[in-house]
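Only a predicted model underlies this, so the values are computations on that prediction, with no experimental measurement involved. For reference, positions follow the sequence shown, starting with 1.
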Amino acid sequence: MRDEIFTGKKIILGVTGCIAAYKSAYLVRELVKKGAEVKVVMTPSATEFIAPLTLSTLSRNEVIVNIFPPSQKNGTLQSTWHIDNAVWADLMILAPATINTVAKIAHGFADNALLTLVSALRCPLIIAPAADADMYQNPLTQENIKKLESLGHYIVPAEEGELASGLFGKGRLAGNDKILDAAELILSGYKKDFSGRKILVTAGPTYEDIDPVRFIGNRSSGKMGFALAKAACLRGAGVTLISGPTNETSYPEINFIKIRSAAEMKKAVVKELKANDILIMSAAVADYKPAELSNKKIKKEDKLSSIKLVETEDILASVEKKDKMVVGFALETDDELQNASKKLKSKNLDMIVLNSLKDKASGFEVETNKVTVIHKSGKKVNLPLLSKFQAANKILNEILESGKI
Ligand code: CTP
């Protein structure tokens, strides 16, 4: 699906020689599908793992491997291709980046086409390193990665998991989804401005069980909360995500805690909040639960005509807020601003994000959202209709701008 942020963007994908190079085919395909114009540059060893023809076909562009293009070798072409491409690009993604290429960039080498291009680059560079666990953890590799980060490049660290060698450890290339999210983040002008901060996000619905088979739930998909957790993580925060049942997936480095009921969510929030600076309660917590939980399936012949409900505890209203930045969500269908402002005061919040169900492209189960952010000071920020990831980033901006943290 075409994506507003990627459409028309000129992206260079650099591929280096490691087994994860095969994943670059999917990355090219996704970038092209999102509307980007993609050029691929490979190191000679990358071509041992994946054929340039594959990446050329998927990118619909010639793949660059050699410093001197054949026509230049023949003496028939005067070319400054590396400068031309470096100026052309809006973004370069290096995935996978071997420890060799990482070391060479960190020390200014330019002895192949990819490195020559990197040395002349004017646009942001995303580097996603990958290697076997011992190679990745090697202190020299880690020092080089740190150096690249300090030079302003955006690092998508390797993940923990099963490696090509059969070993288990940190070194796996980050998932393509995360690399694409990082690309969206950088193309939107964000950076790791949440480094050193710790954020607790709640997401999804809660399910209040009636019997072993049935529950009372709500239509929350968890998409907004997961988008907030991912955006905060990509912007450098340490993130804990407490979620009710959803189909959404998180990143491996997000501390993910799965809960089911409002009571379980409350327990998890109280426990986790101590270690966090910011709480964003985007979960749609049930306000009521059955007064009694039947431990046997309720049968038709029981002729049940009603279920007695009791109120759940209000997590947001009751949590300890001292020295914390606390953000709530308000889902309203009527008198939206008034109701949201009332909740901001009654729950003693720093900020509330108003979600109106009046707009069809907003709310449950959709990828977009249109929200209004209301600060404690009374300041209101109306955001346009955005993807939930973009809306999440704007909400994070408001958190930074509030000056509380
Ligand atoms: N919330 C909570 N615990 C609850 C209910 C809600 O922490 N038991 C939080 C939600 O996560 C959200 C905020 O309170 O951040 C507002 O939730 P919302 O459902 O909009 O409002 P309620 O306070 O439940 O009021 P009402 O349903 O009457 O609008």
Side-chain angles (χ1 to χ4, degrees), residues 3-5 177-178 180-181 184-185 188 190 194 199-207 217-235 237 239-251 254-259 262 265 268-269 276 278-287 315-316 325-333 336 339-340 343-344 347 349-375 380-400:
D3 181 304
E4 217 179 293
I5 305 292
D177 282 355
K178 197 203 283 172
L180 289 166
D181 288 346
E184 179 170 346
L185 191 91
S188 309
Y190 297 111
F194 272 80
I199 304 193
L200 176 60
V201 181
T202 66
T206 64
Y207 284 180
N218 62 64
R219 289 177 53 197
S220 169
S221 61
K223 286 180 192 292
M224 193 63 232
F226 276 69
L228 277 161
K230 287 179 176 180
C233 175
L234 289 173
R235 286 170 72 163
V239 181
T240 296
L241 174 61
I242 301 173
S243 176
T246 75
N247 293 322
E248 296 298 300
T249 49
S250 160
Y251 297 152
I254 291 177
N255 175 23
F256 184 67
I257 300 168
K258 201 173 154 197
I259 55 87
M265 182 171 276
V269 169
N276 283 277
I278 305 163
L279 168 65
I280 309 179
M281 263 317 277
S282 76
V285 188
D287 288 332
I315 304 170
L316 196 51
M325 161 105 200
V326 181
V327 180
F329 268 67
L331 184 70
E332 307 292 344
T333 55
E336 294 103 318
N339 280 329
K343 280 178 195 170
L344 175 96
K347 301 194 190 207
L349 309 177
D350 296 297
M351 205 171 105
I352 197 155
V353 181
L354 166 63
N355 236 319
S356 171
L357 271 191
K358 278 194 175 148
D359 201 316
K360 277 211 168 59
S362 290
F364 297 129
E365 296 149 3
V366 290
E367 299 296 334
T368 49
N369 213 355
K370 193 172 169 204
V371 300
T372 302
V373 177
I374 309 170
H375 289 262
K380 292 181 185 66
V381 181
N382 288 310
L383 297 178
L385 186 69
L386 295 166
S387 73
K388 285 188 174 165
F389 184 71
Q390 289 292 335
N393 276 299
K394 297 272 186 204
I395 293 168
L396 292 175
N397 285 356
E398 292 302 319
I399 290 178
L400 282 184

Gap separating the CG atom of D3 from the CZ atom of F389, nearest 0.5 angstrom: 10.5 Å
N255 side, atom CG; C233 side, atom SG - distance, nearest 0.5 Å: 11.0 Å
Rounded distance (nearest 0.5 Å) linking atom CG of L344 with atom CE of M351: 10.0 Å
Working for side-chain contact (heavy atoms from CB on, under 4.5 Å), residues V381 and L383: CA-CA 6 Å; V381 181; L383 297 178; 4.0 Å; yes
Flag side-chain contact, heavy atom, 4.5 Å: Q390 against T368: no
I280 side chain near I399 side chain, heavy-atom distance below 4.5 Å: yes
Considering all heavy atoms, the nearest M265-A203 contact: CE-O, 3.8 Å
Candidate pair V201 and I254, rule side-chain contact (heavy atoms from CB on, under 4.5 Å), full reasoning: CA-CA 10 Å; V201 181; I254 291 177; over 6 Å; no
Donor-acceptor pair, side chain of N369 and main chain of A391, under 3.5 angstrom: no
Flag, side chain of T206 to backbone of A286, donor-acceptor distance under 3.5 Å: yes
Backbone of L354 reached by a side-chain donor or acceptor of T372 within 3.5 Å: no
K388 atom NZ: more than 12 heavy-atom contacts under 6.0 Å: yes
Non-hydrogen atoms of I5 and E184 that approach each other most closely: CG1-OE2, 3.9 Å
Taking every non-hydrogen atom, the tightest pair across P245 and P205: O-CD, 3.3 Å
Nearest-0.5 Å distance that lies between atom NZ in K370 and atom CG in N382: 7.5 Å
CD1 on I259 to OG on S243, rounded to 0.5 Å: 6.5 Å
Within-4.5 Å side-chain heavy-atom neighbours: F226 and T249: no
Contact check, side chains of L396 and I199, non-hydrogen atoms, under 4.5 Å: yes
Closest heavy-atom pair and its distance - R235, L185: CG-CD1, 3.9 Å
Minimum heavy-atom distance between A231 and N393, given as atom pair plus value: CB-OD1, 3.6 Å
Test log, rule side-chain contact (heavy atoms from CB on, under 4.5 Å), inputs V239 and Y251: CA-CA 10 Å; V239 181; Y251 297 152; over 6 Å; no
Spacing of CD1 belonging to I242 relative to CG belonging to L279, to within rounding of 0.5 Å: 8.0 Å
Contact summary for V371 and I395, nearest pair of heavy atoms: CG2-CD1, 4.4 Å
Verdict with reasoning, K343 to E332, per side-chain contact (heavy atoms from CB on, under 4.5 Å): CA-CA 11 Å; K343 280 178 195 170; E332 307 292 344; 2.5 Å; yes
Heavy-atom side-chain contact between S282 and L228 under 4.5 Å: yes
